[in-house]
Every structure is written in C-alpha cells, then in structure tokens.
Amino acid sequence: MKRFALIFCCMAMFVAAIPEADSQIPTLEIARTKAQVHPNRVYASDFCLTGNSTRGIQAAIDSAAVRYERTGERQEVYFGKGEYVLGTIYLKSGVTLMLDSGAVLLGSTNPLDYAKDSICRLKAFIFAVNQHDVGIEGKGVIDGRGFEVANNAVQMVHLGLLQDPLKYDRCNESNRPQNVHFRGCENVVIRGITLKDPACWCQEYDRCRNLTIENIKVDAKCYWNNDGLDVVDCQNVVIRNCDIDASDDAYCFKSHSVDGVSENVVVENCRGRSSANGIKFGTMTRGTFRHFRFKNIEIYDTYRSGITIASVDGAHIEDVVVDSLKCRNVGNPFFIRFSERRKGTVEPCLKDIVIRNVMANVPLVKADRGYRYEGPVEDMPRNISPASIVGTPGHRIENVLIENVWLLYPGHGDSTFAYRGTSPQALADIPEWEKRYPEFSMWKELPAWGLYVRHADGVTLRKVRMEAGDADYRPAIVADDVNGMIFKDVRIDDNLADGHKYQAVCNNCTKVSTRPLRTKTQKAKVAVGLREELTSDQILAQDNTSPCTAEGKQLYRASLFGCKSDGTTLNTNSIQFAIDYIAQAGGGTLVFEVGRYLTGTIHLKKGVNIQLNEGARIIPSANYWDVDHDEEGSPQLIIDESGGTSQICGLGEVEEI
C-alpha cells in the first residue's frame, strides 16, 4: 500500500510538470518569478537535460505549436545562454526559435542524427516544410560544426554505414546537412542571428512567400559548397543589413523547376565575401526571375564575379537593377550570360538589366588567396578576364545599361603568355560553349581587358571609366555581333607600352553610337564623321567583312585617287577629291588599305563612308595651316558635313592630333 502511494505521488508530480499547451510531453520546469514568465514563450531549458537534446527541443516546438493552434497567437521557443546539442528538428506553424545572446545551437557531429526530408530530399539541422508564420530570431548562434560532420560522414561511407559515391572525396550535397532549410513556407522571419560552419549550403529557402532576412551574420567557409544564402523560387523577399562570408556563392538566387517564380526581391545594405561569386543568379535557372533590386552592396576579397546573372537552363530573367555596388578585390566585376544547357520555360530571355553606380577593382593575383577553401587554380594560360555580357546566337541578351561605373584592372596582359586577336576570324574562333558551366573564365583568354560583349541587342555604356594599371596587349572594349551599342561619355585610362592601339573594337555591329569616347592620352578633339564627335585617338572599328556602305553602293580604293601610304606625302587634296567624286556618284565607301596616310582636314559628304582596313592609319599633319580649327582653337581632322549620315569603320586607326 505504501509503495502504491509513493508511485501515485510521483505520478502527480510528473503530471504537474506538463506544460500548459497539453503537449503530453514532460518537462523539467524551473522556478520563475512572474516578471520572468512570458505568456507566449516555451523555455527550451525546460525540455533539455544533458547530451543530445533533439527530442526535447522538438517536444518544445510541438508544445508551442499546440498552443498556437489553440490561441492563434505566435509562440516562441526561447533558448537562454548555453549550448544545446541537436540533430534534425522541425519548426511548426506559429513558432519562432528565439536565441538569446550567448545561446548556441550546436549541430551533432554524428551524421546519423540528421534526417533526410522526404519532400526536400535533403538533410538539414533545422527544417520547416509547408509551414506559416515561422522564424528564427535573436542574438544567438547556430553552429552546424560542418567540418566534423562532413568528415565523419566520409568515414561512415568507408565503413559501409552510409551510401554515397564520394565524388571529389566528399559526400553528395544531399547527404550533408544544411544549417537551415525552409520549403513551401509563408511569412518567414530570420533576424539577428549568426549562422556558421554548415556541412553543405548554409541556409536555403525554397518556394517561400513573404520572406524577411535581416541583420544576420554568416560564417560559412569550413567545407565545400558552403553557400552563404540560397533563395529558390521565392516571392516577396527582403534581405537587408546582412554580412556573409562564404566558401561558395554568398547571395545566390536559383530556380529548380520550370513553373517556379522568383519575384519582388530586394537586397540592400549588405556585405559579402566569397570563394565563388558575391551575388549570383544560378547556376540552376529553370523558371522565372523578375523584379530584383540590389542596392548598397559591398563585395570584397571574392574569387569570381561581384555579380553573376546567368540564364543557362531556359530561365526567363527580366527587370534586374543593381545600384550602388562596391566590389573590392574581386576576380571580375560582373558577368552576364545567356545560353541553354537544358530546356526551361517556353520563352527564355535575359533582358532589362541595369548596373549603375559601381566601383570595382580587379587584382593581378587570386582575390581569395589564403582562405581555407579558396577557389580552384584556373586552367592556364589566360590573362585577367574582362567583365562580360555574353549571349549565344539563339539566346541574345537584350537591353543592358551600364551607367556611372568605374572599373580598375591591373593590366599586364601579355600576348606571349596567352593571345586572342580582334580580327573577324579571331573573334569568330571564340567558342560559344552553350552547354558549359557558366563562369567568366570559361573561354580562358578573351580579346578585351575591360569589357567583352557578344550576341546582344541594346547595350549602353554611359559615364563609364576603365583604368588599366599597366600595359595590356588587348583593347579595353570588344563588342561582337551587337545590335545597338551606345557609348556615351566613356573614358579609357591606360598606360600603353606599345603606342597607339584600338581601345574599342566593334565587329559585326550595327547602330553603333559614340558620344564621346575619351582616352587619357587625348590632347585635342578629333571629329571622325559620326553623328557626334568621337574625342579619341582610337576609333571604333567594325568588321571588314561587312563594309560600311549601303547595299548596292560602290567601293572605291583610295589608291585610285592618287593617295600615297608612305606616311610623308600629304594626301589632303587627293582624299577630298575622292570624297567629292563619290558623293556626286550617288555615295559609296572610300577604302584605305594597309599604310600610313598623311592628311590635313577633310570634309565628309552625304552618303560617303571611310573604311580603314586593318593596318591602315590616317595621320594628321603637324602643320598648323593644314588643319581647320574650331571656335575654341581645337584642331579638326575629319568633319562630317552630311548631318550624321556618314561613318568611319574598319580595323584601321585615326591618330591623335
């Protein structure tokens, strides 16, 4: 009888400890004053003993979820100062994990403590699947201890306890736990916490709506594939005041399905460092991306691009604005790529991209050298790669504005180390690589040191400045197969060791406009027969295989009019006679072959174009009286009197006066 009474008393005490939410899970309640009791809070410490607390914390979450269902008021699972060792836990609707300062959620180092979700088909430390009104907040830390977890998983594969192909001597991403994975959730808030050391991607939000991530810190560089933040097919997203340091892409936006939609995304006042890309669209890009805004972002010590916008799986990407981006010590300022390695939406596109108010400097050495998991050594040989806007013949990039941008490069491009020419054939020999993984270095050597544009419609450079710290054998800008290339207030500053050369080459381009292009070595204005003057000693050149003359119009060789290419004979009268003759004949093109043509001022006429073949150079006379001067006294070498209907093209040069 006494034994029965003792058991009954113990049971009574046990039942009294059950939380108000009627979760039917016992706790170890501690004494608290009324001031310490929060009406919508469940204390994690009440559910934890020592060792692995996974089941206890899950019970706390379940208890809070029951209370939310009963009251309709959002609940907290509160973690006070201390360490909590956990495996996989699942957040439930209406519940927020509140991590106070000094609270640390430690991931178990046993890979068997992490569950693979049947819907996500991935492993994670903290899951939320098809829930609403959930979040993680506070000043505490989520530490996945990923290096230990990942290496223990490899050992278990060798022991036959886990199955994995161990490609690259590491487990597949699906067999390594992320720190946080939310899928199909609505009204998500991640605020204030620190996330560190995941075994795979740090945090992924897939098919979520109304997602806010702010004031968080991420230290994710303990192992391979440590993306800092992955946002997949999410809508109405705000990411602000975050600082991410990652050994893979820092801020990454993806689409995993053709019906996925990523839209209305704002990223502002954030910092990032990466051993891959600072900001990246992709690589998986199957659905739709639209209405993205990036503002006041700093990317530093980053191996690849400050920002990569890539549609390679049939995605529809439009209306992306990058404003106020500072890239300090990055491998490449920006990389925009449109190709198709697999089918995606019915009408894939990459259009309406604005990149403005950007400063970027590219070092001569690896930008992330010294980090534990730095980016791989590139296939050699190649010189420093330019910023790139590269489509493919069937996937053209549309409407790109690069405005108020300052790009600083190291120069040092050495043609004896790696070489890529700018002749039509050399540019045609650059492979399309439509199926290849998209990276700015995928072609190895590119023909420009500053910007390379290919297969695009409507590219505008406005208030763009490019500087090379030392000599580079390549021109600053190369455009190939571009319809509508506008240069407006573009300045090229370099230190050329080999004298005059092209700084902007347009091959097979149409509707090229320059207003104006300048170089550091400019000493006087030189009008060259375009709609507005081009203040440069290096002209824009077009493909010789596409003569700058209307269909059916005649080509005239300058030598037929007595023009001499010896560099000493003054050709002013001969060239002017040829221009007048061609104008009277109904228009055509005056072609200059290889050589140096000395001349004073010449006046272009309506319908008359000048084509300078590769190796041809027009040299201004040094005699003051051979050259006309404007009202300000500046010499004018070539004057267009045709109302902007004439043009100069080809791969030749007009020297500075």
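When a residue number appears, it is its place in the shown sequence, counting from 1.
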query = With the threshold set at 4.0 Å, does a side-chain nitrogen-carboxylate oxygen contact exist between Arg191 and Glu214?
reply = yes
message = Is it the case that the side chains of Asp352 and Asn399 hold a donor-acceptor pair, with the cut-off being a distance below 3.5 Å and no angle test?
response = yes
inquiry  = Any donor-acceptor pair under 3.5 Å linking the side-chain atoms of Lys116 with those of Asn175?
reply    = yes
query = So among Arg372, Lys217, Lys221, which one has a salt bridge (Lys or Arg N to Asp or Glu O under 4.0 Å) with Asp245?
reply = Lys221
ask   = Taking only residues two or more places apart in sequence, or in another chain, which ones meet Asn215 in a side chain to side chain contact (heavy atoms under 4.5 Å, CB included)?
value = Asn241
note = Rounded to the nearest 0.5 Å, the CD atom of Glu439 sits from the NZ atom of Lys280 at a distance of 5.0 Å
ask   = Does one side chain, of Asp230 or Tyr205, offer a donor that lies under 3.5 Å from an acceptor on the other?
value = no
key: Arg293 and Asp319 ion-paired at < 4.0 Å   = yes
query = What distance separates Ile336 CD1 from Ile309 CD1, expressed to the nearest 0.5 Å?
reply = 5.0 Å
query = Would you find more than 12 non-hydrogen atoms of other residues, nucleotides or ligands less than 6.0 Å from Lys81 atom NZ?
reply = no
query = Any side-chain heavy-atom pair from Phe281 and Thr308 closer than 4.5 angstrom?
reply = no
inquiry  = Checking side-chain polar atoms at under 3.5 Å, does Ser385 have a donor or acceptor matched by the opposite partner on Asn332?
reply    = no
ask   = Charged N to carboxylate O under 4.0 angstrom, Asp227 versus Lys254?
value = yes
Closest approach of Val330 to Pro363 (non-hydrogen atoms, all atoms of both residues) = O-CD, 3.2 Å
message = Please give me the minimum heavy-atom distance between Arg170 and Tyr223, naming the atom from each residue.
response = CB-OH, 3.3 Å
ask   = Does any N or O in the side chain of Ser63 come within less than 3.5 Å of the main-chain N or O of Ala59, such that one atom is a donor and the other an acceptor?
value = no
inquiry  = Less than 6.0 angstrom from the centroid, inside 45 degrees of the normal: does Arg273 satisfy that with respect to the ring of Tyr300?
reply    = no
ask   = Got Asp117 and Leu122 here, is their nearest side-chain heavy-atom distance under 4.5 Å?
value = no
ask   = Can you name the closest pair of heavy atoms from Gly306 and Cys327 and give their distance?
value = CA-SG, 3.8 Å
ask   = Counting N and O atoms only, with roles assigned by atom type, does the side chain of Gln131 sit under 3.5 Å from a partner on the main chain of Ser93, one being a donor and the other an acceptor?
value = yes
ask   = Which value, rounded to the nearest 0.5 Å, describes the distance between Ile307 atom CD1 and Ile355 atom CD1?
value = 6.0 Å
ask   = Phe292 vs Phe294 aromatic rings, parallel, tilted or perpendicular, using cut-offs 30° and 60°?
value = parallel
inquiry  = Could you check whether any side-chain heavy atom of Arg121 comes within less than 4.5 Å of a side-chain heavy atom of Ile119, counting everything from C-beta outward?
reply    = no
query = Is there side-chain contact between Ser174 and Lys123, with heavy atoms separated by less than 4.5 Å?
reply = no
key: Sub-4.5 Å side-chain heavy-atom contact between Val134 and Leu97   = no
ask   = Checking Thr302 side chain against Gly278 main chain: does a donor-acceptor pair fall under 3.5 Å?
value = no
task = Check whether any side-chain heavy atom of Ile353 lies under 4.5 Å from a side-chain heavy atom of Leu401, and answer yes or no.
result = no
inquiry  = Please find the pair of heavy atoms, one from Thr285 and one from Val312, that lie closest to each other, and give the distance.
reply    = OG1-N, 3.1 Å
message = If you apply the rule salt bridge (charged side-chain N to carboxylate O under 4.0 Å, His left out), what do you find for Glu374 with Arg369, and how did you get there?
response = CA-CA 6 Å; Glu374 67 180 45; Arg369 60 178 180 169; over 6 Å; no
message = Taking NZ in Lys435 as the centre, count heavy atoms belonging to other residues, nucleotides or ligands within less than 6.0 Å. Is the count above 12?
response = yes
ask   = Does a donor on one side chain and an acceptor on the other come within less than 3.5 Å for Glu73 and Asn40?
value = yes
task = Taking all heavy atoms of Asn225 and all of Glu173, pick out the closest pair and write down the distance.
result = ND2-OE2, 3.5 Å
ask   = Do Asn277 and Tyr251 get their side chains close enough for a donor-acceptor pair, meaning under 3.5 Å?
value = no
key: Arg356 with Glu403: basic N within carboxylate O range, under 4.0 Å   = yes
query = Between Asn296 and Ser324, is any side-chain donor less than 3.5 angstrom from a side-chain acceptor?
reply = no
query = In this structure, are over 12 heavy atoms from other groups packed under 6.0 Å from Asp259 atom CG?
reply = yes
key: Residues Lys196 and Asp219 bridged, charged N to O under 4.0 Å   = no
note = In short, side chain to side chain donor-acceptor pair (under 3.5 Å) pairs touching residues 143-162 with sequence neighbours left out are none
task = Identify, with sequence neighbours excluded, every residue that meets side chain to side chain contact (heavy atoms under 4.5 Å, CB included) alongside Arg74.
result = Tyr68, Thr96, Asp133
query = Taking 4.0 angstrom as the limit, do Arg341 and Asp313 come out as a salt bridge?
reply = yes
query = Which class fits the ring pair Tyr373 and Trp224: parallel under 30°, tilted 30 to 60°, perpendicular over 60°?
reply = perpendicular
query = If we only count heavy atoms from C-beta on, is the Gln203 to Ile216 side-chain gap below 4.5 Å?
reply = yes
No-hydrogen, no-angle side-chain donor-acceptor test under 3.5 Å, Asn52 and Asp113 = yes
query = Step by step, would you call Asn172 with Asp164 a side-chain hydrogen bond (donor to acceptor under 3.5 Å, both in side chains)?
reply = CA-CA 7 Å; Asn172 183 271; Asp164 192 279; 5.6 Å; no
message = Using 0.5 Å steps for rounding, measure from the CZ atom of Arg41 to the CD atom of Glu76.
response = 4.5 Å
query = Cut-off 3.5 Å, side chains only: do Asp248 and Asn226 have a donor facing an acceptor?
reply = no
query = Are Asp62 and Tyr90 close enough that some pair of their side-chain heavy atoms sits under 4.5 Å apart?
reply = no
message = Any carboxylate oxygen within less than 4.0 angstrom of a Lys/Arg side-chain nitrogen, looking at Arg328 and Glu298?
response = yes
query = Do Arg207 and Ser257 have a side chain donor and acceptor closer than 3.5 Å?
reply = yes
ask   = Where is the tightest heavy-atom contact between Cys171 and Ala153, given as atom of each residue plus distance?
value = SG-CB, 3.9 Å
inquiry  = For Glu186, is there any backbone N or O sitting under 3.5 Å from a side-chain donor or acceptor partner on Asn210?
reply    = no
Nearest-0.5 Å distance that lies between atom OH in Tyr114 and atom CD in Gln178 = 12.5 Å
task = For the residue pair Thr283 and Tyr437, confirm or rule out a side-chain donor-acceptor distance under 3.5 Å.
result = yes
